[in-house]
Amino acid sequence: MPKFQTLKGFKDVLPEEFPYWRFVLGKAYDLADRYGFQQIDTPVLEETRLFLRGLQEGTAIILDKELYSFEDLDGASISLRPEFTAGIMRAYVQHGMHTRPKPVKLFAIGPLFRHEKPQAGRFRQHTQFNAELLGEEDPAADLEIMQLAYNLYRELGFQNISFQINSIGCPVCRPTYIETLVEYFETHYDELPQVDKRRLRVNPLRVLDTKEAATRALLIDAPKSVDHLCHDCAEHFDTLQGYLQALDLPYRVNFRLVRGFDYYVRTVFEVWAEELGAQNALCGGGRYDGLVESVGGPRTPGVGVGIGVERIVLSLKAQGVQPPALPRPVVMALHRGFEARLAALKLTDALRSAGVPAVTAFGERSLKSQLKSANKAGVRYAAIIAEDELAQGVATMRDMETGEQTKAPLDEIVAWVQKRRGG
RNA sequence: GUGGCCAUAGCUCAAUAGGCAGAGCACCUGGUUGUGGCCCAGGAGGUUACGGGUUCAAGUCCCGUUGGCCACCCCA
């Protein structure tokens with residue numbers, strides 16, 4: 001066993017993975033551009049308080065346990081970011097971004113850290129593509145965030161994806177709903193499994209997305225948030241559904257879909273892919289009109305989504321989607337003798353400058369050995385430069401697929417290769 | 001945090017009933033003077049995850065630890 005290994009829940013991304021990563025991230029950038037989102041990057045480390053601000057005590061304790069927190073050299077408590085949104089909201093307020101033309105549309109890509117028990121598609125460090133739309137209450141904003149997520153999956157080649165949506169109301173209508181919900185479960189208190197008794201106490205909405213069969217039976221008759229929305233929330237939800245229908249976006253209202261935080265309002269949604277087992281949620285998002293305020297800014301509506309990149313990569317593999325191949329060296333310059341080697345180095349340099357991926361054989365090994373290297377590197381052409389070629393000022397260009405060989409003047413090789421690459 | 005399954009070479013896996021740690025793939029070198037793939041020969045690569053225990057003898061049985069997978073919990 002190696003002397004050192006990655007920490008529990010962390011992993012290396014090896015070269016074989018990168019066709020997938022570049023495919024996903026390339027598409028993410030592309031879509032963000034097309035949707036008019038601007039990129040923002042915030043520090044990986046922030047004040048711990050930022051991540052635990054204004055949470056109910058029970059929730060704060062749980063989250064605290066999953067936060068990578070430590071004391072800085074000056075004694076300040078700092079933490080690795082467990083999510084993007086808090087840092088982006090902090091930046092929004094700190095830089096007075098509320099004075100920018102609304103809506104402010106931001107996206108970010110980078111690592112997040114949570115001290116969780118590792119599991120399928122869940123690591124202690126994961127990468128997220130995050131989009132936030134701030135300053136707009138129109139359900140079309142919710143729609144835009146949802147479209148962004150949906151089309152990312154669609155354009156990556158995902159099949160059978162659809163939305164699960166719900167509206168969890170707002171500070172006006174939610175408290176009454178939660179009261180009704182708690183009352184309902186209290187009349188069935190003895191039928192509730194231990195976990196759900198606890199949930200009912202700590203975070204009642206969470207009882208709705210329980211995995212306990214006994215509780216799920218009770219859910220059939222449980223009050224639904226969509227039936228307890230205030231006028232504005234109901235209208236917002238109706239309008240959003242009208243948009244989804246108009247745009248042919250497949251969705252289901254799922255009254256069990258919730259978020260556990262107070263600043264979430266109205267729309268919550270997830271994108272689901274069929275046949276992905278227990279972890280069928282590809283991403284989740286929602287509206288958080290109270291969030292900017294909670295970090296000290298003006299009251300600002302907002303809606304956002306977080307999309308886990310590792311989970312996409314896993315799903316792409318599970319669905320057998322082939323990402324485009326990454327560029328490989330096209331030419332390897334082989335050489336024999338010191339002068340030839342210099343010529344090979346110059347040739348490689350010229351090819352690279354012209355945009356042709358090229359490498360030089362290293363060392364002073366036999367031509368045979370160098371050809372083996374060229375074969376393993378998968379290059380299309382071996383440019384052989386030895387005494388004869390040097391004397392004539394040419395290279396022997398060997399096509400590694402057909403074995404065909406032709407000589408070409410050294411200063412014409414760039415053009416020779418480009419012509420054959422169809423450039 | 002709770003529970004189940006698992007851990008042998010870089011990878012995939014063997015190793016009778018507890019009795020000398022192996023194969024395939026991958027890697028390196030060679031198969032003569034300037035030519036790859038296939039083939040052949042050779043090489044390197046292991047404290048059997050780690051620590052303890054039982055035994056004449058442990059990869060194999062027992063305990064602990066670490067790590068992985070799966071489910072729960074949680075999911076900003």
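In what follows, chains are A, B, ... by sequence order, proteins preceding strands, each numbered from 1. Because the structure is predicted, anything quoted here is derived from the model rather than measured.
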Undergrad: Below 4.0 angstrom from OP1 or OP2 of B/C72, is there any side-chain N or O of A/Lys211?
TA: yes
Undergrad: Applying side chain to side chain contact (heavy atoms under 4.5 Å, CB included), can you list everything that pairs with A/Lys8, at least two apart in sequence or on another chain?
TA: A/Pro118, A/Arg124
Undergrad: Dump the pairs, protein N or O against N or O of nucleotides 24-28 of chain B, anything under 3.5 Å, distances to one decimal.
TA:
| residue | atom | partner | partner atom | Å |
| --- | --- | --- | --- | --- |
| B/C28 | OP2 | A/Lys376 | NZ | 3.1 |

Undergrad: Could you please name the option among B/G37, B/A76, B/C73 that lies closest to any side-chain atom of A/Asn375?
TA: B/G37
Undergrad: Given B/C72, B/A76, B/G68, which nucleotide is nearest the side-chain atoms of A/Leu67?
TA: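 My answer, after comparing the listed nucleotides, is B/A76.
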Undergrad: In terms of side-chain heavy atoms of A/Pro82, which of B/C73, B/G34, B/A76 is nearest?
TA: B/A76
Undergrad: In chain order, what residues pass the side chain to side chain donor-acceptor pair (under 3.5 Å) check against A/His188, with sequence neighbours excluded?
TA: A/Glu191
Undergrad: How would you list, by chain and number, every residue that makes a side chain to side chain donor-acceptor pair (under 3.5 Å) with A/Glu136, sequence neighbours excluded?
TA: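 Partners of A/Glu136 by the side chain to side chain donor-acceptor pair (under 3.5 Å) criterion come out as none, since no residue qualifies.
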Undergrad: Mind jotting down which residue pairs meet the side chain to side chain donor-acceptor pair (under 3.5 Å) criterion with at least one end in residues 163-186 of chain A? Sequence neighbours excluded, please.
TA: A/Gln164-A/Asn254
Undergrad: Go through residues 388-399 of chain A and report each residue with a non-hydrogen atom lying under 4.0 Å from RNA chain B, sorted by number.
TA: A/Asp388, A/Glu389, A/Arg398
Undergrad: Which nucleotide, B/G67, B/G30, B/C73, lies nearest any side-chain atom of A/Gln5?
TA: B/G67
Undergrad: Side chain of A/Arg336: nearest nucleotide among B/G36, B/G34, B/A76?
TA: B/G34
Undergrad: State, without any angle test, whether A/Thr127 and A/Glu310 hold a side-chain donor-acceptor pair at a distance under 3.5 Å.
TA: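 Indeed, the side chains of A/Thr127 and A/Glu310 share at least one donor-acceptor pair under 3.5 Å.
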Undergrad: Less than 4.0 angstrom between a side-chain N/O of A/Arg206 and OP1 or OP2 of B/C73, yes or no?
TA: no
Undergrad: Taking side chain to side chain donor-acceptor pair (under 3.5 Å) as the test, write out the residues that go with A/Ser77, two or more places apart.
TA: A/Thr48
Undergrad: Name all residues meeting the side chain to side chain donor-acceptor pair (under 3.5 Å) criterion together with A/Lys317; count only those two or more places apart in sequence or in a different chain, and write none if there are none.
TA: A/Glu17
Undergrad: With a cut-off of 3.5 Å and sequence neighbours excluded, list every side-chain donor-acceptor pair involving residues 338-349 of chain A.
TA:
| residue | atom | partner | partner atom | Å |
| --- | --- | --- | --- | --- |
| A/Thr348 | OG1 | A/Ala344 | O | 2.9 |
| A/Thr348 | OG1 | A/Thr360 | OG1 | 2.7 |

Undergrad: If you write RNA chain B from 5' to 3' in dot-bracket form, with Watson-Crick or G-U pairs under 3.5 Å, [ ] for crossing pairs and | for pairs with another strand, what do you get?
TA: (((((((..((((.....[..)))).(((((.......))))).....(((((..]....))))))))))))....
Undergrad: For A/Glu387, enumerate each residue passing the salt bridge (charged side-chain N to carboxylate O under 4.0 Å, His left out) test, keeping only those at least two apart in sequence or located in another chain.
TA: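 Once residues adjacent in sequence are excluded, the partners of A/Glu387 under the salt bridge (charged side-chain N to carboxylate O under 4.0 Å, His left out) criterion are A/Arg336.
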Undergrad: Would you say that more than 12 heavy atoms from the other residues, nucleotides or ligands in this model lie under 6.0 Å from the CZ of A/Arg365, or not?
TA: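 More than 12 heavy atoms, drawn from other residues, nucleotides or ligands, come within 6.0 Å of this atom.
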Undergrad: Round to the nearest Å and state the distance from A/Lys117 atom NZ to B/G67 atom C1'.
TA: 11 Å
Undergrad: Sort and list the pairs that fulfil ring pair (Phe, Tyr, Trp, His ring centres under 6.0 Å) and have at least one residue in residues 308-335 of chain A, not counting sequence neighbours.
TA: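 Listed by first then second residue: nothing to list.
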